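These notes concern the structure reproduced below.
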Amino acid sequence: DRDVTGVQTCALPILKLSRRICAIRIKTDATGHERLAELAEIGPGCAVQVCGPGYNYRTVRILLNGEPMFVFEQDLVPLQ
């Protein structure tokens, strides 16, 4: 989903991470196709939104500060 400014949005709740996890950034190329990009670390306490399915059955798509990424679903451990 995108809002009127073209920024990707999610209508799902925010999840704060309890530990550091790795993510794969998603970039859009000049033709408008999404591509896997560099790896990123997301630190504990960061707020992410799960937006949909990932590229396989073990991953999910998230947003971190409006930036789309893929993470392993098992890594999403919320703060208690």
Side-chain angles (χ1 to χ4, degrees):
D1 295 338
R2 296 189 184 273
D3 68 10
V4 293
T5 64
V7 174
Q8 190 165 10
T9 60
C10 288
L12 299 173
I14 295 172
L15 173 74
K16 286 196 174 189
L17 300 177
S18 65
R19 62 187 180 95
R20 182 173 308 278
I21 65 171
C22 289
I24 302 171
R25 289 191 161 110
I26 304 168
K27 299 293 180 183
T28 304
D29 66 18
T31 64
H33 292 94
E34 290 186 335
R35 305 280 184 224
L36 299 179
E38 66 274 357
L39 294 176
E41 281 190 9
I42 304 173
C46 287
V48 301
Q49 288 180 291
V50 177
C51 293
Y55 59 86
N56 67 23
Y57 70 96
R58 296 182 305 169
T59 60
V60 293
R61 183 185 186 104
I62 65 161
L63 285 180
L64 173 65
N65 299 323
E67 182 179 359
M69 300 181 179
F70 290 122
V71 297
F72 287 104
E73 187 172 17
Q74 70 185 22
D75 289 344
L76 293 176
V77 179
L79 278 173
Q80 298 298 329

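Heavy-atom basis, side chains included; hydrogens, waters and symmetry copies ignored. It should be emphasised that the depicted structure is a prediction, and the values quoted were computed from it without experimental measurement.
- Residues L63 and P68 form a side-chain contact, since some pair of their non-hydrogen atoms from C-beta on lies under 4.5 Å apart.
- Using a 4.5 Å heavy-atom threshold, the side chains of V48 and M69 count as separate.
- Heavy atoms only, all atoms of each residue included: A47 and L64 are closest at O-CD1, 3.4 Å.
- Legend: residues meeting side chain to side chain donor-acceptor pair (under 3.5 Å) with Q74, ordered by chain and number and at least two apart, are absent.
- For residues 16-49, no pair satisfies ring pair (Phe, Tyr, Trp, His ring centres under 6.0 Å), with sequence neighbours left out.
- Linking ILVMFWY side-chain heavy atoms closer than 4.5 Å, directly or via other members, places V50 and I21 in a single hydrophobic cluster.
- Residues meeting the ring-ring contact (aromatic ring centres under 6.0 Å, His included) test with F72, sequence neighbours left out: none.
- I62 is listed as a side-chain neighbour of I42, based on a closest heavy-atom distance under 4.5 Å.
- Between the CD1 atom of I26 and the CD atom of E34 there is a distance of 5.5 Å, given to the nearest 0.5 Å.
- Between A37 and I24, the shortest heavy-atom distance links the atoms O-CG2, 3.7 Å.
- Atom CG of L15 is separated from atom CD of Q49 by 10.0 Å, given to the nearest 0.5 angstrom.
- N56 meets the side chain to side chain donor-acceptor pair (under 3.5 Å) test with T59; sequence neighbours excluded.
- The distance from the CZ atom of R19 to the CG atom of L76 is 9.0 Å, given to the nearest 0.5 Å.
- With sequence neighbours excluded, the residues forming a salt bridge (charged side-chain N to carboxylate O under 4.0 Å, His left out) with K27 are E67, listed by chain and number.
- Here ring pair (Phe, Tyr, Trp, His ring centres under 6.0 Å) pairs that include residues 34-66, with residues two or more places apart or in two chains, are Y55-F70.
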